[in-house]
Amino acid sequence: MNVLALATEEALLALKIGFLVLLYLFIVYIVRSATRDMSEAPQESIILGAKEAAALRAEHGIVEHTPAVARFVVLESPALDTGRALELTTPAVVGREAGNGVPLDADEFASGRHARIDSRTDGIWVEDLGSTNGTFVNGGRISAERLEPGDVLRIGQTELVFEP
Amino acid sequence: MTARTRELVGLVLAGLIAGTALATVTLARDAELSPSALTYGGLFLALYLAAHVVVRRTAPYADGALLPLAAVLTAFGLTMNYRLDPSGGRQALWVLIGVAGLCAVLVVLRHDYRVLESYRYLFGVAAVVLLLLPSAPVIGRSVEGVRLWVDLGVVQFQPGELAKICLVVFLAGYLREKREVIAQGRIKDFGPLLAIWGAAMLVIVQTNDLGSALLNFGIFLAMLYVATGRALFVAAGLALFVGGATFLYTAIDRVNQRVTIWLAPWTDEPVYCSQTGELLLRQDCDSYQLVKSLYSIGNGGFGGTGLGEGIFRAPDGAELIPALRTDFIYSAIAQELGLVGAAALVLVFMVFVARGMRIALHAQDGFSKLLAAGLTFGFALQTFVIVGGVLRIVPLTGITLPFVSYGGTSIVANFVLLALLLLVSNRANALSRT
């Protein structure tokens, strides 16, 4: 065993330790930078149903988001008078079926349960409930979208303007 | 510090890790430090920096941890493949193609990846076709009794890897549309569930492959749970799967054999050997591969033998563990890096999965949530099935370890998965900023 072989062995050991140290440093770095943005809590649970989430919120003393009122003005509709102001207590379902927050029974292009208006921490949201003809905000088809004042929400042939 | 800066720092660290690992391997082999290790490390870093620039342009708000994590996983894969087969630089080529695929997906879908939802049924059909392709005559190929390969003459690939992604896209679109009806739990809505269960069973029968059936059915159950929040569905689905698998266990020799190997790899007395038809100790025949892999892991001990110093060949030069670079790469890593290194590798996978689930939580619409959750769960389950199989926690089935195992289809499919996760997180983070 000559000097060179000995040096190689020591270099290999050093490299091995260096590799493992680097690897764990990398993991610590990634996890640390990941926990830094954990404070921004997600808006809603991905797994809990609405009831369980509400129960959990109550258990932790988090004030249930009080039902907010979303105001709309009818721009055009076969079911509602143009210019009529709507005040929806969220969560409200819009659709052709009876018992909905907004009855659109005369709008043939609206689905039974078409869309839901809901209040979240960051404002009023509209979510499509798998409607046949889609829900549109300012002309674009959406699956869920936050409403800004002045946005035009189209459900079937009904167009509503979201008011602040 | 922005996500992109964090990504850059992470990638430089990943480059250092790859460089160190490659230097160790070449030093152990040649007893001298050749500059080629440095060149390879530099090329590795350059490749990922190019990907970083594309992410900066196309998905500026995307999660900053995913790309470095994938880089470290491919560094493991490149090092081990280079160490086990120095002549073949193919894995580097696959990683190059994979990163190109990542960039292509990012560029094509940079405006709105949610257009994929419109093509959900196309993806559903594609998933089924891809899963059944290996059973097709002429192009289908059987390797060791498992039908997973398609041979088109010029290229050979494993369509199962791509089917996984198509299935997730289909389920994300389908469940987003139907989640409310399905959650109500009327009997008629269980039709699709039963149909997919039937398809999973068919895949087992057709391909003899328990692993991919378990993987795809697991993805389906997880996404069903995410969409409806009903644990009962998962329990029912699991019961169905276990029931079906138990029946197949008694009906199909190959499945039966896998379970026997798992439960009792060693025998004291000669038993029937399915390969030669003679009476042999099971560790010398059917469970030879698994037992040799367990010895390999045991030889690593706590600190490992060191990269490039593990024993993978018998004194006469014969390979001790068949399929070492694909299915059994984890046992090679466990021998050379020991418990410390093998645990670090599992940690890297876990952090990747944690990031993916966080992306699903932060996504704003149902399709994105389901897409991110499904892709991440599939990634996690695949890792568990193969690492668990190699460690004899679950019956062994041959699937690849994401980003690490040798193989073109697997590498490219996982880079596509990574690109989709980056796009989902980009949109979620961009929305929460405004």
Side-chain angles (χ1 to χ4, degrees), chain A residues 2 4-38 40-53 93 113 116 120 122 125 127-132 140-146 148, chain B residues 1 3 6 9-10 13-14 16-17 20-21 23-24 27-28 31-33 63-65 68-69 72 114 117 176-181 183 225-226 228-230 303-304 306-309 337-338 340-341 344-345 347-348 351 354-355 357-358 360-369 373 431-432:
Chain A
N2 55 35
L4 194 70
L6 201 70
T8 308
E9 225 155 81
E10 278 172 354
L12 274 176
L13 185 68
L15 275 174
K16 178 175 150 187
I17 294 170
F19 172 77
L20 288 171
V21 168
L22 266 176
L23 190 56
Y24 276 93
L25 269 179
F26 170 81
I27 294 171
V28 168
Y29 173 75
I30 293 286
V31 171
R32 271 179 61 101
S33 61
T35 44
R36 210 163 290 151
D37 51 21
M38 272 307 183
E40 348 153 350
Q43 295 172 358
E44 55 181 324
S45 167
I46 192 168
I47 284 174
L48 293 180
K51 266 188 207 154
E52 293 139 282
V93 175
R113 289 164 56 80
R116 180 169 38 217
R120 299 189 193 171
D122 57 348
W125 281 66
E127 187 188 356
D128 188 78
L129 297 177
S131 64
T132 315
R141 188 167 183 162
I142 54 103
S143 60
E145 195 85 12
R146 192 175 66 192
E148 305 285 348
Chain B
M1 201 157 40
R6 285 203 290 269
V9 177
L13 274 172
L16 281 173
I17 290 170
T20 319
T24 319
L27 180 64
E32 59 176 344
L33 267 178
D63 189 287
L69 287 165
V72 164
R114 294 181 303 168
E117 191 177 359
R176 209 277 303 157
E177 190 185 353
K178 305 274 192 230
R179 60 195 281 186
E180 305 223 330
V181 241
Y225 182 56
V226 171
T228 62
R230 302 271 304 253
L307 282 170
E309 294 172 276
L337 296 175
V340 193
L345 180 61
L347 267 176
V348 172
V351 176
R355 295 306 289 177
M357 283 302 173
R358 181 186 168 275
L361 281 170
H362 278 249
Q364 307 257 6
D365 59 287
F367 177 71
S368 305
K369 270 182 191 300
L431 282 177
S432 68

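Chain identifiers are assigned alphabetically (A, B, ...) following the order of the sequence lines, protein sequences preceding nucleic acid strands; residue numbering begins at 1 within each chain.
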Working to the nearest 0.5 Å, report the span between CG of Leu307(B) and CG of Leu20(A). 8.0 Å
Hey, could you give me the CG/CG distance between Leu23(A) and Leu16(B), rounded to the nearest 0.5 Å? 12.0 Å
Measure Leu12(A) against the heavy atoms of chain B and call it side chain, backbone, both or neither at under 4.5 Å. both
Would you give the length of the straight line joining atom OH of Tyr24(A) to atom CG of Leu347(B), rounded to the nearest 0.5 angstrom? 6.0 Å
Minimum heavy-atom separation for Ala144(A) and Asp365(B), please, with both atom names. CB-CB, 4.4 Å
Distance (rounded to the nearest 0.5 Å) between Gln364(B) CD and Ser143(A) OG: 10.5 Å
Among Gly64(B), Ala65(B), Pro68(B), who wins on heavy-atom pairs under 4.5 Å with chain A? Pro68(B)
What are the two closest non-hydrogen atoms of Ala21(B) and Phe19(A), and how far apart are they? CB-CE1, 3.6 Å
Residues Ala11(A) and Leu27(B): closest non-hydrogen pair is CB-CD2, 3.7 Å
Option that, when pairs with chain B are counted at under 4.5 Å, heavy atom only, ranks first among Glu145(A), Glu127(A), Lys16(A): Lys16(A)
Go through the steps to decide whether Arg176(B) and Asp128(A) satisfy the test side chain to side chain contact (heavy atoms under 4.5 Å, CB included), and finish with yes or no. CA-CA 10 Å; Arg176(B) 209 277 303 157; Asp128(A) 188 78; 4.2 Å; yes
Separation between CD (Glu309(B)) and CD (Glu9(A)), nearest 0.5 Å, reads 7.5 Å
At a heavy-atom separation under 4.5 Å, does Val340(B) approach chain A through its side chain, its backbone, both, or neither? both
Between Leu13(B), Leu345(B), Thr24(B), Leu337(B), who has the most heavy-atom pairs with chain A when the cutoff is under 4.5 Å? Thr24(B)
